[in-house]
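All remarks here apply to the structure that follows.
Keep in mind the model is a prediction, meaning the values are calculated, not measured. The chains referred to below are lettered A, B, ... by the order of the sequence lines, with proteins before strands, and numbering in each begins at 1.
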There are 2 protein chains.
Amino acid sequence: MVNQDDILNSRHIKPTAMRELVLKVLSEQNTAFSLADLEKKFEKADRATLYRTLKTFEENKLIHSIDDGTGSVKYALCKETCQCKPEDLHVHFLCTKCQHTYCLNDIAIPTISLPVNFKLETINMVVKGISINCI
Amino acid sequence: MVNQDDILNSRHIKPTAMRELVLKVLSEQNTAFSLADLEKKFEKADRATLYRTLKTFEENKLIHSIDDGTGSVKYALCKETCQCKPEDLHVHFLCTKCQHTYCLNDIAIPTISLPVNFKLETINMVVKGISINCI
DNA sequence: AACAACTTTGCAACTCAGTTGCATAAACTT
DNA sequence: AAGTTTATGCAACTGAGTTGCAAAGTTGTT
Ligand SMILES: [Mn+2]
Ligand SMILES: [Mn+2]
Ligand SMILES: [Zn+2]
Ligand SMILES: [Zn+2]
């Protein structure tokens with residue numbers, strides 16, 4: 001079992017106390033986490049620091065961001081091998097009851113054929129509905 | 001050729017001057033339009049009025065909103081027969097160069113098979129890339 | 001150890017999209 | 001015309017995200 005510092009180092013992120021704590025919290029979640037969620041979890045920590053921690057993590061592909069349309073961006077840990085390339089993209093699921101967002105890591109985004117005048121770069125696919133926990 | 005008032009009436013929206021103007025502008029676009037775009041188009045009109053006009057249009061399914069991840073919601077006219085039901089959903093394309101968003105009305109959102117613990121309601125699918133006009 | 005150079009953190013202030021309360025104006029109803 | 005409902009205009013506010021800047025912490029060098 002890998003420790004937090006090794007994970008941070010492997011992504012070339014200097015392991016500070018703050019970053020270790022944030023990574024720990026993120027790795028305990030099974031749904032994506034927003035900046036506001038983090039703030040609640042760390043009453044004492046500063047919003048800007050948490051914000052920059054998330055940015056650093058994202059830049060170094062330790063986490064990926066998810067725009068689920070709720071108005072607050074959420075973040076989830078990337079798989080160890082993830083490079084946030086098109087082939088790493090997956091579908092996300094937003095529960096409209098509890099607003100939690102799940103990574104459906106095993107569900108690749110289906111390929112679609114675009115009109116010739118559009119050149120595809122990336123796709124964001126968010127499925128909305130109800131999670132069984134919320135029925 | 002149908003006139004603006006008939007369109008508004010058919011969606012049970014009282015045709016006011018403001019609404020006629022907004023509908024006219026929206027129907028002239030071939031890409032989706034944001035509130036900010038509308039404001040620029042109508043220097044004189046009030047933001048809140050334009051905002052509420054869009055809300056009214058959306059509630060009555062004259063337009064649909066598109067969350068393309070740019071941070072500002074965009075709107076586009078619905079097809080005459082549209083009821084904004086799942087079968088009316090289509091893929092949207094965001095040009096990452098010019099930030100314009102296109103309705104790909106003919107491209108239905110592919111069905112995906114979810115894990116059993118998730119019940120699908122709706123899907124948002126935004127393809128990002130470059131439109132040929134912007135190369 | 002002392003120093004400089006660089007990085008991270010904390011605080012405050014700000015932007016920008018979206019939204020609301022409330023008073024006035026306009027449009028219907030009787 | 002008088003009363004009722006609906007739409008508009010203005011101002012003020014919210015909440016997410018972002019930035020400038022100074023203080024604190026790290027790292028490397030003498
Ligand atoms: Mn994910
Ligand atoms: Mn559309
Ligand atoms: Zn739920
Ligand atoms: Zn373009």
Side-chain angles (χ1 to χ4, degrees), chain A residues 4-5 8-9 11-25 32-60 62-76 94 99-101 124 126, chain B residues 4-5 7-9 11-26 32-60 62-76 94 99-101 124 126:
Chain A
Q4 313 284 29
D5 277 18
L8 291 170
N9 282 321
R11 296 288 185 174
H12 309 107
I13 301 164
K14 261 200 277 183
T16 67
M18 190 77 253
R19 289 169 181 172
E20 284 162 11
L21 286 168
V22 171
L23 174 54
K24 181 162 183 298
V25 165
F33 226 56
S34 70
L35 174 57
D37 293 333
L38 261 192
E39 279 182 72
K40 276 170 222 142
K41 205 83 179 181
F42 295 102
E43 291 284 340
K44 297 283 287 295
D46 182 63
R47 192 162 80 260
T49 305
L50 294 171
Y51 168 76
R52 286 188 273 229
T53 301
L54 289 173
K55 283 286 164 197
T56 303
F57 284 8
E58 189 183 11
E59 276 160 25
N60 293 283
L62 176 55
I63 61 179
H64 60 279
S65 67
I66 306 157
D67 184 346
D68 60 13
T70 55
S72 55
V73 177
K74 292 179 186 151
Y75 300 88
L94 167 68
Q99 305 288 102
H100 281 161
T101 296
N124 179 34
V126 178
Chain B
Q4 313 284 29
D5 277 18
I7 296 173
L8 290 170
N9 283 320
R11 296 287 186 173
H12 308 105
I13 301 164
K14 263 199 277 185
T16 67
M18 190 77 253
R19 289 168 181 175
E20 283 161 12
L21 286 169
V22 171
L23 175 55
K24 180 158 182 301
V25 165
L26 290 179
F33 226 56
S34 69
L35 174 57
D37 294 333
L38 261 192
E39 279 183 69
K40 276 169 222 143
K41 205 83 179 181
F42 295 102
E43 291 283 341
K44 298 284 290 291
D46 182 63
R47 194 162 80 260
T49 304
L50 294 171
Y51 168 77
R52 285 187 274 231
T53 301
L54 289 173
K55 284 286 163 196
T56 302
F57 284 8
E58 189 183 12
E59 276 160 26
N60 294 283
L62 175 57
I63 62 180
H64 60 279
S65 67
I66 306 158
D67 183 348
D68 60 12
T70 54
S72 56
V73 177
K74 292 179 184 150
Y75 299 87
L94 167 68
Q99 305 287 103
H100 282 160
T101 296
N124 179 35
V126 178

Let me know the distance between CG of A/L50 and P of C/dC11, rounded to the nearest Å. 12 Å
Roughly, in whole Å, what's the span from CG in A/N60 to P in C/dT8? 10 Å
Atom pair CD1 (A/I13) and OG1 (A/T53), whose distance is rounded to the nearest 0.5 Å: 9.5 Å
Tell me the interatomic distance from A/I13, atom CD1, to C/dT9, atom P, rounded to whole angstroms. 12 Å
Rounded off to whole Å, could you give me the CD-to-P distance for the A/E59 and C/dT8 pair? 11 Å
Earlier contact from the 5' end, DNA chain C, for A/A45 and B/L35: A/A45
Just so I know, are the side chains of B/D46 and B/Y51 near enough to count as touching, which here means a heavy-atom distance under 4.5 Å? no
Hey, is the side chain of B/K55 poking within less than 4.0 Å of OP1 or OP2 on C/dT19, counting only N and O atoms? yes
Specify the separation, in whole Å, of atom CZ of B/F33 and atom C1' of C/dG18. 18 Å
N or O in side chain of B/Y51 less than 4.0 angstrom from C/dT19 OP1/OP2: yes
Note: for B/T16 and B/R47 on DNA chain D, the residue whose nearest nucleotide lies more 5' is B/T16
Between P on C/dA25 and CG on B/D46, what's the gap in Å once rounded to a whole number? 15 Å
What are the two closest non-hydrogen atoms of A/F33 and A/V25, and how far apart are they? CE2-CG1, 3.7 Å
Nucleotide nearest B/R19 when distance is taken to its side chain, options D/dT8, D/dT18, C/dG10: D/dT8
Please give, in whole Å, the distance from D/dA7 P to B/L21 CG? 16 Å
Out of curiosity, B/H100 NE2 to B/L94 CG, how far, rounded to the nearest 0.5 Å? 10.0 Å
Quickly work out the A/D68 CG to D/dA16 C1' distance and round it to whole Å. 13 Å
For A/K44, which contact category applies under a 4.0 Å heavy-atom criterion: base, sugar-phosphate, or nothing? nothing
Nearest to the A/R52 side chain among D/dG17, C/dG10, C/dT20, which nucleotide is it? C/dG10
Choose from D/dG17, D/dG9, C/dT7 the nucleotide whose nearest atom is closest to any side-chain atom of A/K14. C/dT7
Side chains of A/E58 and A/S65: is there a donor and an acceptor less than 3.5 Å apart? yes
Does B/T49 reach a base, just sugar-phosphate, or nothing at all? Heavy atoms under 4.0 Å. base
Side-chain contact check for A/A48: nearest option of D/dT8, D/dT19, D/dG17 is D/dT19
